[in-house]
Structure formats: C-alpha cells, structure tokens
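As structure tokens, the structure follows; a few thoughts come after it.
Note that the structure is predicted; figures quoted are calculated from it, not measured. As the structure lists them, so they are numbered: ligands from 1, and atoms in each ligand from 1.
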Amino acid sequence: MIKIIASKTAEEAGIAAAEVIADIVKAKPNAVLGLATGSSPIGMYKELIARYEKGELSFKNVKTVNLDEYVGLSADHDQSYAYFMSTNLFDYIDIDKSNTNLPNGLAKDPAAEAARYDGVIASMGGVDIQVLGIGNNGHIGFNEPSDHFTYGTNLVDLTDSTIDANSRFFASRDLVPTQALTMGIGQIMAADKILLIALGKGKAEILEKSLFGPVTPNVPASVLRFFKGEVIVCADDEALSVIREKHPDAV
Ligand code: F6R
C-alpha cells in the first residue's frame with residue numbers, strides 16, 4: 001500500500017518524514033533504521049537532531065544500515081556517504097557509532113565486501129523502516145535502471161545521468177566515483193516499512209512514472225508498488241506536480 005504525505009515545501013516534507021521515524025524509534029527504542037544519503041533526507045535528519053536535542057528522542061539503542069557507498073572513497077573523504085552520515089546525523093545524536101553500518105568503499109575486493117554487507121544486514125534481524133530517495137532515473141539505493149531486479153548487495157557501475165546528477169557535490173565531474181556498492185532491491189523490499197522522500201520538480205516525472213507506470217527494472221522504484229507493507233511517500237508540492245496533473249484523485 002502506498003500512502004502519500006503531501007507537503008507544501010521541502011522543509012515540511014522533512015518534518016513529516018522525521019515524524020514517521022520518530023514514531024518508530026519511540027515505539028521501539030532498539031529499532032533498525034535503513035538510511036539514505038543525498039539531498040532528500042537532509043531536512044529529515046535536521047528535524048531528528050532537533051527532536052533529540054529537545055530530549056524527545058534517543059538513538060542510544062538504535063542500529064542503522066545505510067543503502068550505499070561510493071567505491072574508492074574513504075570514510076573520511078568529504079563526499080563519502082560515511083562522512084555524510086556523520087556530519088548530517090550521527091555526530092549530533094546519541095547513537096553508538098559501532099551500531100552504524102555502511103559498505104566499505106575502500107574494500108580491495110568489492111565482491112567480498114558485498115558478501116560481508118549482506119551478512120551485516122542479515123545480522124540485524126530485519127530492518128524496521130528503510131528510508132529512500134529516488135534518482136532522476138528512478139534508481140533506489142544505487143540500483144540503476146536495468147533488465148533485472150537485484151537481490152543482495154551489489155557492485156554497480158553508475159550511469160552517466162547519476163554521475164551528472166552527483167557531480168554537483170564534487171569539484172569536477174571526473175572526480176565523481178564511477179562505481180558504488182549498494183544494498184539490493186530484494187534487501188530493500190525485505191524491510192518492514194519504506195519511507196520514500198521526493199523533493200523538487202526534478203523528481204516530478206519519475207515519481208509519477210514510479211508510482212503509476214508499469215512495474216519494471218527499467219524504473220527501479222516502480223518495484224515499490226509490489227511492497228508487502230506500507231510505503232510512505234513524503235513529497236513536496238513540486239515533486240507531486242505531475243501526479244496531481246495526471247491523477248488528480250491520488251493526492
Ligand atoms: C543515497 C541513494 C540515492 C539517492 C538518490 C537521490 O543513499 O541511495 O538513491 O537517494 O540518488 O538523491 P538526492 O536525494 O540527492 O536527489
């Protein structure tokens with residue numbers, strides 16, 4: 001079941017998304033959170049930090065598994081996803097960093113690292129909620145459009161469109177890593193709940209395609225329509241614009 005929470009602005013969507021996570025952490029202090037990086041969840045992380053600072057929330061017993069990491073970047077490289085998680089969330093809350101997990105981008109043998117990460121995810125005994133952004137091409141995690149759905153952690157070649165999109169964070173396009181390790185679609189679909197955050201008009205077309213078009217590995221996010229539980233979509237007005245135009249009754 002897909003539930004769309006519509007917000008006027010990106011800021012409001014971030015607060016709505018934080019509310020979803022906060023409810024889970026309050027109900028289950030040792031929850032396992034599947035986390036994402038990128039611009040979409042930043043507002044949510046800010047709001048979670050604010051609630052922690054007000055004493056409303058504790059992450060002391062929370063465990064996390066992140067979706068993905070660039071191959072070739074160390075955890076202290078300022079564009080690595082490990083660094084992103086520290087500087088956008090972990091450094092500001094009471095989480096035990098030994099309970100936080102990401103693929104190791106510097107692993108010499110990416111296939112062995114993928115297998116290790118599969119073991120980490122399995123050892124969690126289930127992810128209570130998986131946070132996702134959505135790529136302009138419909139990717140979730142770094143599972144790029146393809147002719148098949150992946151199951152486990154896998155090494156991917158990033159598409160030109162993803163490298164273009166992510167080059168905004170690097171000094172130049174050729175510094176953007178070309179490969180990543182990502183949790184597979186099957187692992188994402190194994191979570192108990194999914195929270196997809198989509199912000200801005202750049203996501204409007206692909207969000208409509210994913211939620212209303214055919215389910216196909218060519219649009220990886222479309223697989224969420226087959227999710228067994230609840231998919232909560234927190235989106236702002238701009239990201240919902242094409243859905244509103246084509247499916248006026250949907251939101
Ligand atoms: C990030 C991730 C990616 C992003 C997606 C959207 O961990 O797995 O799928 O969620 O590329 O990125 P933003 O939010 O920057 O538009």
Side-chain angles (χ1 to χ4, degrees), residues 7 10-11 13-14 17-18 21 33-46 64-71 73 75 77-90 100-105 114 117 121 127 129-146 149-150 153-170 176-185 187-189 191 194-207 209-210 217 219-224 231-236 238-240:
S7 298
E11 197 190 345
I21 300 289
L33 306 179
L35 298 179
T37 59
S39 51
S40 305
I42 289 180
M44 177 185 80
Y45 293 146
K46 278 204 177 109
T64 67
V65 280
N66 260 78
L67 283 170
D68 41 19
E69 180 60 283
Y70 286 121
V71 168
L73 299 192
H77 185 289
D78 67 1
Q79 290 307 327
S80 75
Y81 287 167
Y83 185 89
F84 175 102
M85 288 311 303
S86 292
T87 53
N88 283 284
L89 184 66
F90 299 155
T100 68
N101 299 279
L102 288 102
N104 174 9
Y117 205 59
I121 295 168
V127 172
I129 187 161
Q130 177 64 55
V131 177
L132 299 173
I134 180 169
N136 297 328
N137 59 8
H139 73 212
I140 49 177
F142 268 136
N143 296 282
E144 299 282 32
S146 151
F149 289 117
T150 56
T153 308
N154 59 101
L155 176 69
V156 289
D157 292 325
L158 301 179
T159 60
D160 281 346
S161 86
T162 297
I163 294 172
D164 285 344
N166 292 2
S167 64
R168 68 192 194 276
F169 300 115
F170 290 81
V176 185
T178 56
Q179 289 188 311
L181 279 161
T182 182
M183 200 185 273
I185 297 274
Q187 287 165 324
I188 291 170
M189 293 290 276
I194 287 185
L195 171 59
L196 175 73
I197 305 172
L199 306 173
K201 58 177 183 305
K203 301 292 170 68
E205 290 281 350
I206 196 65
L207 190 63
K209 232 175 156 181
S210 302
V219 182
S222 66
V223 76
L224 299 176
V231 178
I232 300 171
V233 178
C234 285
D236 63 4
E238 286 187 358
L240 290 171

Contact residues of ligand 1 (heavy atom under 4.0 Å), by chain and number: Ala36, Thr37, Gly38, Ser39, Ser40, Leu67, Asp68, Gly133, Ile134, Gly135, His139, Gly141, Arg168, Lys203
Could you tell me whether the side chain of [Y] reaches within less than 4.5 Å of the side chain of [X], counting heavy atoms only?
| X | Y | value |
| --- | --- | --- |
| Asn66 | Phe84 | no |
| Lys203 | Ser40 | yes |
| Met85 | Thr100 | no |

Parallel, tilted or perpendicular, as decided by the 30° and 60° cut-offs, for the rings of Tyr70 and Phe170: perpendicular
Gln179, CD atom: more than 12 neighbouring heavy atoms under 6.0 Å: yes
side-chain contact (heavy atoms from CB on, under 4.5 Å) between Thr64 and Leu33, intermediate numbers included: CA-CA 5 Å; Thr64 67; Leu33 306 179; 4.3 Å; yes
